[in-house]
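Beneath this line is the structure, given in structure tokens, with notes to follow.
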Amino acid sequence: MDDSTDLTIEYIRALEIWVCVWYEEALDAKFVSAFYRPDVEIVDRLRGYFRAGLSPEDAVQACFGSRH
């Protein structure tokens, strides 16, 4: 996302909810701890997953699941 993009309140809220569900899924799967702070690379991936329409569950697997 570049700085010139105007974000609606609805978009921001949807993203916030999505990230919260993603985080809970990552915790439940034991991919992260309660003190996890994503780095810039993970944040960029999450933005892409959200924009692409992945569910939070699918995004957890894409982010942390085993790579083939």
Side-chain angles (χ1 to χ4, degrees):
M1 224 172 272
D2 64 18
D3 292 335
S4 65
T5 304
D6 289 328
L7 301 176
T8 65
I9 295 295
E10 294 81 14
Y11 181 89
I12 293 169
R13 184 67 183 137
L15 179 58
E16 179 182 33
I17 292 167
W18 187 93
V19 168
C20 287
V21 174
W22 173 87
Y23 178 70
E24 290 298 320
E25 288 290 327
L27 277 173
D28 290 346
K30 303 206 183 322
F31 286 122
V32 300
S33 71
F35 302 105
Y36 176 73
R37 298 289 180 255
D39 60 21
V40 173
E41 182 181 336
I42 297 295
V43 170
D44 286 342
R45 280 190 210 165
L46 292 176
R47 285 182 190 144
Y49 298 153
F50 180 76
R51 278 191 232 130
L54 267 66
S55 70
E57 297 84 1
D58 289 341
V60 166
Q61 289 304 314
C63 213
F64 298 112
S66 57
R67 300 200 166 135
H68 301 274

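Starting from 1, each residue takes its place in the sequence as its number.
- A salt bridge links Arg13 and Glu16; the closest N-O separation between the charged side-chain nitrogens and carboxylate oxygens is under 4.0 Å.
- Ring geometry, Phe64 versus Tyr36: the interplanar angle exceeds 60°, so the pair is classed perpendicular (tilted spans 30 to 60°).
- Val43 and Phe31 fall into different hydrophobic clusters, defined by Ile, Leu, Val, Met, Phe, Trp and Tyr side-chain heavy atoms under 4.5 Å apart, directly or through other members.
- At a threshold of 4.5 Å between side-chain heavy atoms, the hydrophobic network of Ile, Leu, Val, Met, Phe, Trp and Tyr places Val40 and Val19 in two separate groups.
- The shortest distance between side-chain heavy atoms of Trp18 and Leu46 falls below 4.5 Å.
- Clustering ILVMFWY residues whenever any of their side-chain heavy atoms sit less than 4.5 angstrom apart, transitively, puts Leu15 in a cluster other than the one holding Ile9.
- Under the side chain to side chain contact (heavy atoms under 4.5 Å, CB included) criterion, Glu57 pairs with Val21, Glu25, Ser55, sequence neighbours left out.
- Counting only heavy atoms from C-beta outward, the side chains of Cys63 and Trp22 approach each other to under 4.5 Å.
- The shortest distance between side-chain heavy atoms of Ile42 and Asp39 falls below 4.5 Å.
- For the pair Ala62 and Leu54, the tightest heavy-atom approach, listed with the atom from each and the gap, is CB-CD2, 4.3 Å.
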